[in-house]
2 protein chains.
Amino acid sequence: MKHPVNYTLEKKEKHTGARLGKLETPNGTYETPMFMPVGTQATVKAMTPEELKAMGAGIILSNTYHLWLRPGSELIEEAGGLHEFMNWDQGILTDSGGFQVFSLADTREIKENGVHFKSHLDGSAQFLSPEKSIQIQNELGADVIMSFDECPPFNESYDYMKQSVARTTRWAERGLEAHENWDTQGLFGIVQGGGYKDLRIQHARDLRSMDFSGYSIGGLSVGETHQEMYEVLEYTTPELPEDKTRYLMGVGTPAALIESVIRGVDIFDCVLPTRIARNGTTMTSKGRLKVKNATYKKDWRPIDENCDCYTCRNYSRAYVRHLFNTDEILGVRLTSIHNLRFLTHLMEQIREAIRNDNLLDFKEAFFEEYGYNEPNARTF
Amino acid sequence: MKHPVNYTLEKKEKHTGARLGKLETPNGTYETPMFMPVGTQATVKAMTPEELKAMGAGIILSNTYHLWLRPGSELIEEAGGLHEFMNWDQGILTDSGGFQVFSLADTREIKENGVHFKSHLDGSAQFLSPEKSIQIQNELGADVIMSFDECPPFNESYDYMKQSVARTTRWAERGLEAHENWDTQGLFGIVQGGGYKDLRIQHARDLRSMDFSGYSIGGLSVGETHQEMYEVLEYTTPELPEDKTRYLMGVGTPAALIESVIRGVDIFDCVLPTRIARNGTTMTSKGRLKVKNATYKKDWRPIDENCDCYTCRNYSRAYVRHLFNTDEILGVRLTSIHNLRFLTHLMEQIREAIRNDNLLDFKEAFFEEYGYNEPNARTF
C-alpha cells in the first residue's frame with residue numbers, strides 16, 4: 001500500500017548510527033531528527049503559527065482526547081479539519097488519546113472493547129475504543145495519527161504488562177481496519193511493554209508485521225529514570241523498520257533528545273518548553289535560567305547570548321523578568337518563543353552533527369556547557 | 001523656546017471644525033486624530049511592538065505611577081530609557097501619576113508640596129510631587145510627558161474644585177521649572193475643573209499662558225455621562241491654542257472618540273480595547289460582539305467581516321471562542337489585536353472623513369451600523 005506519510009533515511013552517523021532523514025507528509029516534508037511543539041487544544045500555548053514557523057518548527061502535535069471533549073471532533077471536521085480550524089498549513093500529528101485516558105480521566109475501566117472513563121472536565125461518562133480513537137482522528141484530519149493504546153505505568157507487573165501489550169496489539173489491528181483516510185493520514189502503531197525487554201521486542205515485532213506508516217515508542221517519560229528509558233530504546237529501535245519513522249512520545253529535555261537520537265529515534269514531542277516557560281524558566285546553552293528570579297533584575301543581557309530567537313534579539317533578561325514580576329502575558333510569550341527555538345535549534349545542531357559524523361563530540365561539548373556533567377545536575 | 005514635540009494643524013473639517021494634523025515627536029511624526037494604545041507596565045497587554053506597528057499604532061502610553069513603583073524609573077533609566085527597555089522605537093507618552101495616586105493608592109494626603117500616599121502594591125509610604133513626577137518621567141524618557149495634577153471626582157464641590165485647580169496650576173509652574181530634558185521630551189499641561197465651566201476656562205487660560213508643548217484635558221471619563229463630558233469639551237477646547245496638541249485622557253469608546261474629535265480633540269488613550277479583549281469582548285463595525293459566548297460555537301465568520309486585522313484575516317469566531325473556552329493565551333492575543341486595530345482603523349476613517357469634509361455623515365453611518373441609535377444602546 002502507498003502511504004501518505006513516508007520516511008527516507010538519508011544517512012547514519014558513523015559512530016552512533018543516529019539517523020538523518022526526511023519525513024514526508026501531505027502538508028510538507030520535514031528533516032529529522034525533529035522536535036514537535038505541543039498544541040494540546042489546537043494552539044501551541046501562547047504562540048501564533050507565524051511565530052512557530054519563524055523558529056523553524058515543522059510538525060506540531062495536538063491531543064485527540066482534549067479536542068474530542070472540547071470543542072469536539074465533529075465541530076473541527078465541520079471547520080474543515082484541524083489545519084483549517086487553527087490556521088496551520090504545515091504538518092500535524094495527533095496522539096491516540098490513550099495516554100490522557102490513563103493519566104487525566106477520573107475513573108476508568110479497561111475492557112477488551114475499549115475504555116470507559118469519566119471526563120476530567122465535567123465527570124461525564126465517556127468511552128474510547130480503537131475504532132472511536134481513529135474515527136475522532138479521521139475527523140480531526142492530522143497528517144500523522146496514532147493507534148489507540150493502553151499506557152500502563154512503567155513499573156506495572158510483568159503479568160499485567162504482558163496481557164496489556166497483547167491487547168494493545170489487538171487494538172492496533174482494529175485501528176488499521178477502522179482507518180478511513182489512507183490517502184491523507186498516516187497511521188502509526190505504538191510500541192508498549194514498560195521496561196520488560198522481551199515484551200518490548202515482541203510488541204515491536206508484532207506491530208512491525210502490520211502495515212503502519214511509522215512507529216511510536218510509548219510508555220516512556222512517565223516517571224522512570226533516564227537510564228531506564230535509554231535501555232528500552234537500545235533494545236527497541238533495532239526491532240523497528242529502517243524505512244519508517246520512529247517517534248518517541250513525550251520526550252523533550254535536551255539531554256534526552258540527544259541520547260535518544262543516538263539510540264535511533266527520529267521525532268519527539270514534549271510540553272516541557274512551553275510549560276516551564278509559563279513559569280518563567282528557560283533553557284539556555286549554559287543550562288536552566290529562571291529568568292523571573294530577582295537575580296536578573298538589572299541584567300541587560302539576552303536570556304541566551306548564543307540564541308537567535310526573537311526574544312534574545314530584542315529583549316533583556318531584566319525586561320522579561322519585569323514582565324513576569326507584573327504578570328504580563330508578553331513575558332510568557334517571550335519565554336515560550338525562546339524555549340521552543342532553543343529545542344528547534346538543538347535539533348538543527350544534532351542534524352548537523354550527524355551530517356558531520358561528530359554527534360558524540362557535539363554531545364560532549366553540549367553536556368559540558370549545559371552543566372549536565374556537574375554533580376546533581378538538573379535533568380532539564 | 002523650541003519644543004521637541006510640535007503640532008501642525010493641516011485642515012479643519014468644514015462643518016464641525018474637527019482638526020486634521022501632525023504630531024511631531026523625537027521618535028516619529030504621527031497623523032492626528034490618533035488613538036494611543038495603553039502599555040501600563042511597559043507593555044501593551046499581550047502585544048509585541050511589531051504587532052502594534054502592523055495595526056498602525058503610532059504613539060503608545062505608559063504609566064508613570066506603575067513604572068515608578070515597579071520596576072523603578074532608575075532601573076529603566078539604567079536600561080537606556082523606556083524605548084530601549086521595552087523595544088519600542090516609536091513615540092511614547094507617560095502620564096503624570098496623578099490619576100493613579102487618586103484612583104489606586106490606598107490612602108492619600110494632599111499638601112501644597114505634593115501627595116503622601118500608600119502604594120497599592122505593598123502599602124509602603126510614598127510621596128509624589130510635581131518635581132518628583134517630572135524627575136521620574138525624565139528618567140523614563142518618553143517623548144511626551146505630563147505635568148503633575150490633582151484629579152478630583154467630577155462631582156466634587158465647586159469650592160474644593162476651585163482651590164484644587166489653583167493648586168494644579170501652581171504644580172504646573174513647578175513642573176515646568178523641574179523639567180530637564182527640553183530637547184528630547186515635550187511637557188503637556190493638564191486642564192482640570194470638573195464640570196464647572198468657569199473653572200475649566202480659567203484653568204485652560206492659566207495653563208495656556210505657560211510654555212507647554214501641548215495640552216491635556218483631564219478629570220473626564222471618570223464616571224460622568226458622555227453628555228457632560230461633551231459639554232466640557234465644547235467650552236474647553238476653544239480656550240486651547242490652535243497650534244498645540246489637545247489630548248483627552250482616558251477616552252476610547254468609538255462614540256466618544258468621534259464626538260470628541262468633532263469637539264476639537266486630537267489624541268486619545270484608553271485601556272478599554274485591551275481590557276474588554278481579555279474578557280472575550282470585541283468591538284466590530286456592527287457593535288459589540290462577545291466572542292466567547294456559546295452563540296459563536298460554530299460561527300465560521302471572522303469577528304468582523306469588515307476588518308483587515310490579523311485575527312479577522314486568519315481565524316473564525318468559533319476558533320477564538322474555543323480559545324477562550326479553554327483559557328488559551330492566544331485567545332486574548334487575537335481579541336486584543338482585533339480591538340486595537342478596530343480603533344486605529346476608526347481613527348483612519350475619521351481622518352479620511354475630515355479630509356473629505358463629511359465627518360457628520362460618517363458619524364451618522366457609523367452610529368447607525370454600530371447600533372448606537374438603538375434604544376438602550378451600550379456605550380461601547
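Convention: sequence-line order gives letters A, B, ...; per-chain numbering from 1. Quick note: numbers below take in every heavy atom, side chains included, and nothing from hydrogens, waters or symmetry partners.
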Minimum heavy-atom distance between A/His322 and B/Gln41, given as atom pair plus value: NE2-O, 2.8 Å
How about A/Arg275: does its CZ atom have over 12 heavy atoms from other parts shown lying under 6.0 Å from it? no
If I compare all heavy atoms of B/Arg333 with all of A/Ala46, which pair ends up nearest, and what's the gap? NH1-O, 2.6 Å
According to the interplanar angle, ranging from 0 to 90°, do the rings of B/Trp300 and A/Phe85 count as parallel (below 30°), tilted (30 to 60°) or perpendicular (above 60°)? perpendicular
Using a 4.5 angstrom heavy-atom cutoff, name the option from B/Ala79, B/Gly80, B/Ala318 with the most pairs to chain A. B/Ala79
Among A/Asn87, A/Thr48, A/Leu334, A/Ile76, the residue with the most heavy-atom pairs under 4.5 Å to chain B is A/Asn87
Honestly, the part of B/Val332 sitting under 4.5 Å from a heavy atom of chain A is side chain
Relative to chain A, which segment of B/Glu78 carries a heavy atom at a distance below 4.5 Å: side chain, backbone, both, or neither? both
Which one, B/Asn314, B/Leu121, B/Leu323, leads in non-hydrogen pairs under 4.5 Å with chain A? B/Asn314
In terms of heavy-atom proximity below 4.5 Å to chain B, should A/Glu74 be classed as side chain, backbone, both, or neither? neither
Applying side-chain contact (heavy atoms from CB on, under 4.5 Å), run through B/Leu330 and A/Met47 and close with a yes or a no. CA-CA 7 Å; B/Leu330 185 57; A/Met47 297 290 97; over 6 Å; no
With a 3.5 Å distance limit and no angle check, can you tell me whether B/Tyr319 reaches the backbone of A/Ala42 through a side-chain donor-acceptor pair? yes
Within a reach of under 6.0 Å around CZ of A/Arg70, are more than 12 heavy atoms found that belong to other residues, nucleotides or ligands? yes
Contact summary for B/Tyr315 and A/Glu50, nearest pair of heavy atoms: OH-OE1, 4.4 Å
Which pair of non-hydrogen atoms, one from B/Leu75 and one from A/Lys297, has the smallest distance, and what is that distance? CD1-O, 3.3 Å
Rounded to the nearest 0.5 Å, the NZ atom of B/Lys45 sits from the OG1 atom of A/Thr326 at a distance of 7.0 Å
Under a 4.5 Å heavy-atom cut-off, does chain B meet the side chain of A/Thr40, its backbone, both or neither? neither
B/Glu77 CD: over 12 foreign heavy atoms closer than 6.0 Å: yes
For A/Gln90, look at atom CD and say whether over 12 heavy atoms of other residues, nucleotides or ligands are found less than 6.0 Å away. yes
